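Below is one structure; the comments refer to it alone.
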Amino acid sequence: MPSSKKPARIDDQLRAAIKASGLTHYAIAKLAECSPSQIDRFMSRERDLKLSTAANLAAALGLKLK
């Protein structure tokens with residue numbers, strides 16, 4: 001029987017990876033070449049990320065966007 005469970009959203013996966021990394025928002029932002037305030041706003045769900053920033057963030061966390 002096929003699973004009715006939907007895959008996790010990319011933004012939710014990125015937030016979980018950020019939390020699990022144990023890194024500060026500043027450290028993650030430096031690795032992803034964005035500002036710490038972008039990470040702060042993304043984590044508080046105030047703002048979404050551009051695709052290019054999400055790709056940089058994923059790469060910094062050792063993930064790949066599909």
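Given the structure is predicted, the values throughout are model-derived calculations rather than measurements. Start at 1 with the first residue, then count along the sequence.
Counting Ile, Leu, Val, Met, Phe, Trp and Tyr side chains that sit under 4.5 Å apart, directly or through other members, Ile18 shares a hydrophobic cluster with Ile10, Leu14, Leu23, Ile28, Leu31, Ile39, Phe42, Met43, Leu49, Leu51, Leu57, Leu61, Leu63, Leu65.
Here OG of Ser44 is found 8.0 Å from CZ of Arg15. Values are rounded to the nearest 0.5 Å.
For the side chain to side chain donor-acceptor pair (under 3.5 Å) test, no residue two or more places apart in sequence or in another chain qualifies with Asp48. By the side-chain contact (heavy atoms from CB on, under 4.5 Å) test, Lys64 pairs with no residue at all, sequence neighbours left out.
A side-chain donor-acceptor contact under 3.5 Å links Gln13 to the backbone of Ala8.
Of all heavy-atom pairs spanning Ala29 and Ser35, the tightest one is CB-C, 3.6 Å.
For residues 20-47, the salt bridge (charged side-chain N to carboxylate O under 4.0 Å, His left out) pairs, not counting sequence neighbours, are Asp12-Arg45.
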